[in-house]
Structures are given as structure tokens and as C-alpha cells.
Amino acid sequence: MFRIGLRGHAVAAAVLCAGAIGAQAADVRLSGDVGDDLKDTLRGGSLLVEQTLLEENKPSASEILAAAQADYKRLLAVLYDNGHFGGSISILVDGREAAGIAPVNPPASISKVQIKVDAGPKFRFGNARIAPLAKNTTLPDGFATGETASLSVLKNTVSAGVDGWRNRGHAKAELAGQELTANHPERRIDAALTLRPGPQLRFGPLLISGETDVRHQRIIDIAGLPEGEVYSPEELRLATDRLRRTGAFNAAVLTEAEQIGPNNTLPVTAQIIDAPKRRIGFGAELASRDGLAVSAFWLHRNLLGGAERLRLDGEISSIGGDTGGTDYSLSARFDRPATFNEDTNFFALAKLEQLDEESFFSRQLDIGAGIERRANEKRTYTLGLGLRTAQTRDAFGENEYTLLTAPLGTVFDYRDNPLNARKGYYFKADVMPFLALSGSDNGVRSFVDLRGYHTVGTARPVTFALRGQFGSVAGPDLSEAPADYLFYSGGGGTVRGQSYQTLGVAVGDDTSGGRSFLGLSAEARLSVTDSIGIVAFADAGYIGEEQFYDGSGIWHSGAGLGLRYDTAIGPIRLDVAVPTSGPEDEDDFQVYIGIGQSF
């Protein structure tokens, strides 16, 4: 419990009553000549105050004494960081100065601790200079005449100056000297900082350290460190990320050499620890309508000694469900990083799948290969070539087709957190031209998914999330289009509240998928506590017979409320939704449970 009041001559005091500490009750009181702005900062920097907040494992008398003796340095750092260079601190433990009590002979019990802080006057920067600076270096705003002479501002200024030189290739830039002069009568600190840029360096060779089964040349290829080019901290970071993205290593750390190499080169060492080569996983899911789903995978992280990845997946779903028959899939995917350059990976895949849905049945085999290009951390492009052969049955009867496909894709992910986004946007577009070798006509299948996020408020922030989805099959008529390429609406990925894939195109008494799809979703996510949130949402979906939206199709919609519980792996999601418009649905409501936000 906190008690805050005034004591003495208009002096602000923060009084903290800790309950029982150890076997006795202990009072920890912070008082002194400090302003309101500084009071909370001092309290947050005090180890003694932190101990009083512990609900369990209350500290012993020796631990209280140790915290009191550590608080001198901690509180002094707080004063310096806020421009108070002439303050004083006294910490009395049952009336005795804590600094004078021998740690080897602590009191048997402690009932009262008084922290008295006299902040003294606030100092401001007079002359504030740092030189030489690299071009386009941005210094902290606080390093200027008249601003609070903060110790952290000084440190940040030095870091900004050094980073400015490092970004221009001067990897060994450092602080060469500093002159700090305190003018007490004028309460002013004059700061003169001198940097030593050192020579501009170029990347030397990448050296490999640690026991690894990945070939050293492959590690060098994957890292893509540009040997011979001007040193760049950004290139060093990107090289580290490339190694970690392979999944082949438990640790991959790139360290600059202490000494400059010949001809102003800078060798870099990659310290590598391999991840376990093989991994096996199993999963199971049970849903009231969909029935039981079981899955398993086997993964090899270094198949051929070059950080190649092979993953085998198998799944059987809709066991005992009432959304059709049993579905299954068996797939294999091979990935080779840094195949054409450090940011372009090669992949090959094969997948056998059966989908036994209420409105159609398909059994298909896909074989393909392609490349994945990572333009930067936010943008990825894929290009592939594949062959698909399938047997389908839908409202138009049975069909067999074989297609040559050329899938193209791009992902722009500018969300702050993929599992629980509060700001930014996400854009995914897939375009797949297909050439019919038999059983269909040539065409193009397209799908776009666009999401945006914006948060307002701080105490109880509200995040507004919007999603738009667009799908199209252009080329073949509805009766000749591949049945598993057509679109349906309803369910967790499209319109919550409506049953899974209930909306399509009416064909007599049956239902077929449509050649065009439009989905709209909106959510308002309110944070009630740090870990609990509630969500209000509304979804709408459209299915049309034509290849693009023309208004002649059918809309349906749903709305509902959700509960979120934040965990380390993302929020646990519980949504309850009801249908609000469209063709009649047999179910009154739908329940959805998962990890991560719905989109």
C-alpha cells in the first residue's frame, strides 16, 4: 500500500508501508527535498521499495540491509540522470546509517528504514559540443544548451556519435575524451566530447568458430557478408539474421575482430552452435462440428550438410465430423537457403490431399518447385512452377483435370506483432496462372488479403482492425473451373457466425463454389487489463458466379463478441458469433477457439 503526502516545509514525501518483512513488519519511507516529477522516479529506482512490493518470499534483515547499501548508488544514478549533481542521500536503518553497518554483522531484525534524499539544484547544459561528427548524424534532442544535464543524454549522445561513424564504415570509432565542467553558482554543466573515428574499414573474411556439421563454405554463403566492401553494422545484422532464419543453428553470433586486419580490413567471426538435426511433432484437435483432427511431422534441419531443411507432414481431419467426409493430406517440402544468392532460397514440394467437403470432393496431387526472394525483413516474393492432377466431384458432376501452374506470391508484413498486431498493415497477394493440359480451360486464380491496424488510447487502449479479402478465378466457366479452386464463404477464416463454407452458388438443389469472393471484417479490441481483452467484431462475405464482383451474387454476415487472454506465445482467442444476414443457417451460433488474433 502507498501513502503519499507532505511532510515538513512543503516537502513531498512518498511513504511506503510494507507489510510483514521476514518475521517483522517493516516501514520503508522515502522523504526529502524532491519535486513531484522526481518522486516516482526515485521510488522506481529503489531496491528497498521494490522489496516492499513482494507478496511472497519477504526479504530477511540481511537482505534489507544489502538493498539499503545498494540504494546509495542506484538513487545517485537517478539524481544524475535527472540533472541533480549536488544532491545528498541518507538511508537510516532503525536510526543507523546503512553505509556504516557491517554486512557480516547485520541487525537481527529491522523495523524501519528511512530514505532521505536532498536532490539539490537541477543543472542544465551550458555549452554542449561533440566533434567530429559523421555526416547525417542525429543527436538526442536533450543535448543542447538549456536542456536538463542528464547523464543518460550524455551516454546517448556519445552512442549516436559513434554509431554515425560506424554507419559510414568506421567500425572502431570511439570516445577519445570528455570535459565536463560544473558551474555550481549558475547550475550549469559544460560538456565537450571528442570522438576518434579511426580509419574506414572494409569487411575481411568470415571466420567460423564452434562445432558445426554445416559446411563452412555454406555458412559463408548463407551469411552473405560482403567481403571487401565498406563495413556496415546493418550488413552485419542482416548476415546474423540470415543464419538464424535457416533454423539449423541454436545460436549464430557474428563478432568483430578486436584488431584491424591488413589493408584496413576487419575480420568477423561467426560463433555457431548447431540445433538438433531432427525433430518430431504431433498434434490433435477436436471440434464439435469438424470432429477430430490428428497430425504429425518429421523435420531434418541439415539434410545434406548445407543447412537444407526437409519436412514431412501428415494430417487426418474431420474424423467423426458432420462437415462432409474424412480429409487427409501428406506432404514433403525441401528448402535450401542461399541457393542463387544470400537472400534467395530454393524450395521443392509434393503434396497428396483429399478434401471431402459438403459441397464438393477432390483428391489431388501437387508437385512443384520455386524460389523465395526475401527483399527485406518485411517483404517476401515467391515464384514457382508446378503440376497438379486431380479428381473432383461437385454440383456439376465428376471431373478429372491436369494443370501446369505458375504460382506467384508476395507478402508485405509491416505489423508490429504478427500474433497481436496493434499498428501497421499486412498485404498478401497470390496470382496463379494455370495452363490446362486436360479437363479444364486455361485461367488465372487470384487471391488478395489486406489487413490494417490502428490503436488509440494508452490506459485502456483500443485497437481497430480491418480486413479485406478478394478472390477470383478468371478463364474457365463455372462448370469447367477446377472445383477446388472455387470459393466458399462461412467459418472462422471468412464470416464468423455462419457455418463453414455454407455460402456458394446455387446449382439446382446443390451448391457450388463461386468464381469471385469478397470478404470484409472489422474488430474493436479493448484491453481491459495487461493480459485480458474483449473484442467486438462483424464479418461479411460475398460469393458470385462471375469472375469478378458484379453485385449479382449473394452476401451473408455475422457478428459477435470475443475474449482474449495474453500469453507468451500470443493471445488465446475465444469468439462467439451469430449469423446476422444471408441465407438461413441451421446453427444459432458458432464458437471459435485458437491462439493469436483472428487476423
Side-chain angles (χ1 to χ4, degrees), residues 166 171 202-229 231-258 261 265-283 296-313 331-349 369-382 411 413 415 417-419 568-570 595-596:
R166 284 174 56 83
R202 297 182 180 275
F203 280 116
L206 180 63
L207 310 175
I208 313 300
S209 173
E211 295 184 4
T212 175
D213 291 331
V214 180
R215 297 189 300 275
H216 285 195
Q217 186 57 49
R218 285 292 294 150
I219 294 176
I220 293 170
D221 292 343
I222 293 168
L225 201 67
E227 184 177 349
E229 294 186 12
Y231 167 87
S232 165
E234 178 66 8
E235 287 290 349
L236 202 65
R237 184 188 65 81
L238 290 174
T240 304
D241 287 346
R242 293 184 191 111
L243 290 171
R244 292 173 178 171
R245 280 202 309 269
T246 65
F249 310 113
N250 268 344
V253 179
L254 270 59
T255 307
E256 304 168 14
E258 292 291 334
T265 58
L266 183 66
V268 176
T269 299
Q271 297 173 316
I272 300 295
I273 300 176
D274 281 355
K277 291 185 182 63
R278 297 169 184 84
R279 183 183 175 192
I280 298 176
F282 303 91
F297 74 87
W298 177 87
L299 173 68
H300 198 300
R301 294 186 172 100
N302 187 27
L303 186 68
L304 304 176
E308 301 90 354
R309 170 184 292 239
L310 176 64
R311 176 168 174 144
L312 306 179
D313 282 272
S331 65
R333 178 175 171 121
F334 172 82
D335 288 272
R336 184 180 189 271
T339 297
F340 301 100
N341 58 47
E342 63 272 15
D343 290 315
T344 304
N345 304 335
F346 169 81
F347 67 86
L349 56 86
I371 59 173
E372 180 182 77
R373 168 71 178 177
R374 192 179 182 93
N376 59 35
E377 295 172 317
K378 304 294 185 180
R379 300 199 310 273
T380 304
Y381 304 93
T382 57
V411 175
D413 193 348
R415 296 172 292 182
N417 182 343
L419 287 176
I569 59 173
I595 295 178

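Side chains included, hydrogens not; waters and symmetry mates left out as well; all remaining heavy atoms used.
Side chain of R202 to backbone of E229: no donor-acceptor contact under 3.5 angstrom is found. The backbone N or O of R301 lies less than 3.5 Å from no partner atom in the side chain of R309, so there is not a single donor-acceptor pair. Proximity of a side-chain donor or acceptor of R311 to a complementary backbone N or O of A332 within less than 3.5 Å is not detected. Using modelled atom types, one side-chain atom of R215 and one backbone atom of L304 make a donor-acceptor pair closer than 3.5 Å. In terms of modelled atom types and a separation under 3.5 Å, the side chain of D335 and the main chain of P337 share no donor-acceptor contact.
Under a cutoff of 6.0 Å and an axis angle of 45°, R244 and F249 do not form a cation-pi pair. Seen from the ring of Y231, R166 does not count as a face-on cation partner, given the 6.0 Å and 45° thresholds.
One finds no salt bridge joining E372 and R336 here, because no Lys/Arg side-chain nitrogen approaches an Asp/Glu carboxylate oxygen to under 4.0 Å. Here R237 pairs with E377 in a salt bridge; the nearest charged N to carboxylate O distance falls below 4.0 Å.
Taking a 6.0 Å sphere around CG of L419, one finds it holds more than 12 heavy atoms contributed by other residues, nucleotides or ligands. Heavy-atom neighbours of Q217 CD from other residues, nucleotides or ligands within 6.0 Å: above the threshold of 12.
Residue A296 comes nearest to F282 through the heavy atom pair CB-CD2, 3.7 Å, listed as atom of the first residue, atom of the second, then distance. In terms of heavy-atom proximity, I371 sits nearest to F347 at N-CE2, 3.5 Å. L206 and T269 get closest at one heavy-atom pair: CD1-C, 4.4 Å. Here the closest heavy-atom approach between residue A252 and residue T240 is recorded as O-CG2, 3.4 Å. In plain terms, the two heavy atoms of N302 and A307 that are nearest each other are OD1-N, 2.8 Å. The minimum heavy-atom distance linking P267 with G261 is given by the pair CD-N, 4.1 Å.
Between the side chains of T344 and R373, a donor-acceptor pair is found at a separation under 3.5 Å. When only modelled atom types and interatomic distance are considered, N345 and T339 share no side-chain donor-acceptor pair under 3.5 Å.
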- Message: Would L243 and D241 count as a side-chain contact (heavy atoms from CB on, under 4.5 Å) here? Give the steps.
- Response: CA-CA 5 Å; L243 290 171; D241 287 346; over 6 Å; no
